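Everything on this sheet refers to the single structure shown next.
For ligands, and for the atoms within them, numbers begin at 1 and follow the listed sequence. The analysis underlying the following values was restricted to heavy atoms, covering all of them including side chains, and did not include hydrogens, waters or symmetry mates. This structure is a prediction, so every number in the text was calculated from the model and none was measured.
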Amino acid sequence: MRKPIIAGNWKMNTRLDEAVALVKAMLPELNRLDTVERVLCPPFISLTATKELIKGSSVKLGAQNMYFKDKGAYTGEISPPMLSDLCDFVILGHSERRQLFGETDDMVNSKVKAAYEFGLKPILCVGESLADNETNRTEAIVASQIRAALSGVAATDQLVVAYEPIWAIGTGKAATGKQASATISLIRSTIAQLWGESPSQAIRILYGGSVTGDNIAEFISEPEIDGALVGGASLKADDFASIVRQTASIKSAS
Ligand code: 13P
């Protein structure tokens, strides 16, 4: 059985005081829902304060990005050892990083390797653009992103993959549960080709893109979908708690 995960990617939102207020608002409810792995990914500057607030709780902390070098003259970057004391998870290869900041498959591959070297669990994001989706290239794009990101990486169950179709991110136009499940099956079989069938069954694969309390049930009811990477709705304490609550109840019944 794969433990479901709901991760909140706050992106470039919340000042420090707002982050603290948001964690305080959601924590009591999140603490009650420990059959789901709950991960908060606030901006870098709020990681330390969030870590303090979740001390003694089973809620986990994740970063939204990192560089792959461990130190040096890389102005503005954050390194794996800076995060390894603070975080369990790190989001890598988010489409916003790929599209807006020029991250290539090679860089994502270096970051995945660096994460493992420093004991961080990657939440590896893949997903196709609208144009690729409309020209039936989803499978080819997503499989090639997975192969590139995992090139030279040994099989591990410490990987989380998030399938986030770019056209569904922040648009209010989520994929359907069936669409997401089909692509997630393809991702799992691509990992099976690289690592073997049994390791591929241990990997948790999430859906992301306009997930809310109103549509989470559709995704989480699919046996192939192990959780969600939530953007906008993770900034609302009630909505995020509702997503986790529904995930706990649907996955425990299946
Ligand atoms: P939204 O939930 O705001 O669509 O964002 C999804 C996402 O990109 C999470 O990483």
Subject >> Which residue and heavy atom of the protein sit nearest atom 5 (O) of ligand 1, plus the separation >> reply: K11 NZ, 3.2 Å
**OP:** List the steps and the verdict of side chain to side chain donor-acceptor pair (under 3.5 Å) for S58 and R38.
**Re:** CA-CA 8 Å; S58 54; R38 296 129 297 156; 2.7 Å; yes
Subject >> G170 to ligand 1, any heavy atom closer than 4.0 Å >> reply: yes
Original post:
Who passes side chain to side chain donor-acceptor pair (under 3.5 Å) against D239, sequence neighbours left out?
Top reply: none
Original post:
Between I169 and ligand 1, which part of the residue brings a heavy atom under 4.0 Å of the ligand: side chain, backbone, both or neither?
Top reply: both
**OP:** Could you find the nearest protein heavy atom to atom 2 (O) of ligand 1 and give me its residue, atom name and distance?
**Re:** G231 N, 2.9 Å
Subject >> Residues forming a ring-ring contact (aromatic ring centres under 6.0 Å, His included) with F219, sequence neighbours excluded >> reply: Y207
Original post:
Just distances here: any N/O of A233 and N/O of ligand 1 closer than 3.5 Å?
Top reply: no
**OP:** Walk me through it: do S242 and Q246 pass the test side chain to side chain donor-acceptor pair (under 3.5 Å)?
**Re:** CA-CA 6 Å; S242 163; Q246 292 179 61; 3.0 Å; yes
Original post:
Does H94 reach ligand 1 with a nitrogen or oxygen that is under 3.5 Å from one of the ligand's nitrogen or oxygen atoms?
Top reply: yes
**OP:** Any atoms of ligand 1 less than 4.0 Å from a non-hydrogen atom of G209? List them with their elements.
**Re:** 4 (O), 6 (C)
**OP:** Give yes if a backbone or side-chain nitrogen or oxygen of E96 is under 3.5 Å from a nitrogen or oxygen of ligand 1, and no if not.
**Re:** no
Subject >> Protein heavy-atom partner closest to atom 3 (O) of ligand 1 - residue, atom, separation in Å >> reply: G232 N, 2.8 Å
Original post:
Quick one: which ligand 1 atoms are inside 4.0 Å of a heavy atom on N9?
Top reply: 9 (C), 10 (O)
**OP:** Check the pair E29 / R245 against salt bridge (Lys or Arg N to Asp or Glu O under 4.0 Å), numbers first and verdict last.
**Re:** CA-CA 9 Å; E29 179 69 1; R245 205 179 314 114; 2.7 Å; yes
Original post:
Would you say the side chains of Q64 and R97 form a donor-acceptor pair under 3.5 Å?
Top reply: no
**OP:** Please report which non-hydrogen protein atom sits nearest to atom 9 (C) of ligand 1, along with the residue it belongs to and the distance in Å to one decimal place.
**Re:** E164 OE2, 2.8 Å
Original post:
Atoms of ligand 1 less than 4.0 Å from L229 heavy atoms?
Top reply: 9 (C), 10 (O)
Original post:
Side chain of T171, backbone of W167: donor and acceptor closer than 3.5 Å?
Top reply: yes
Original post:
So which heavy atom on G177 is nearest to which on I225, and how close?
Top reply: O-CD1, 4.0 Å
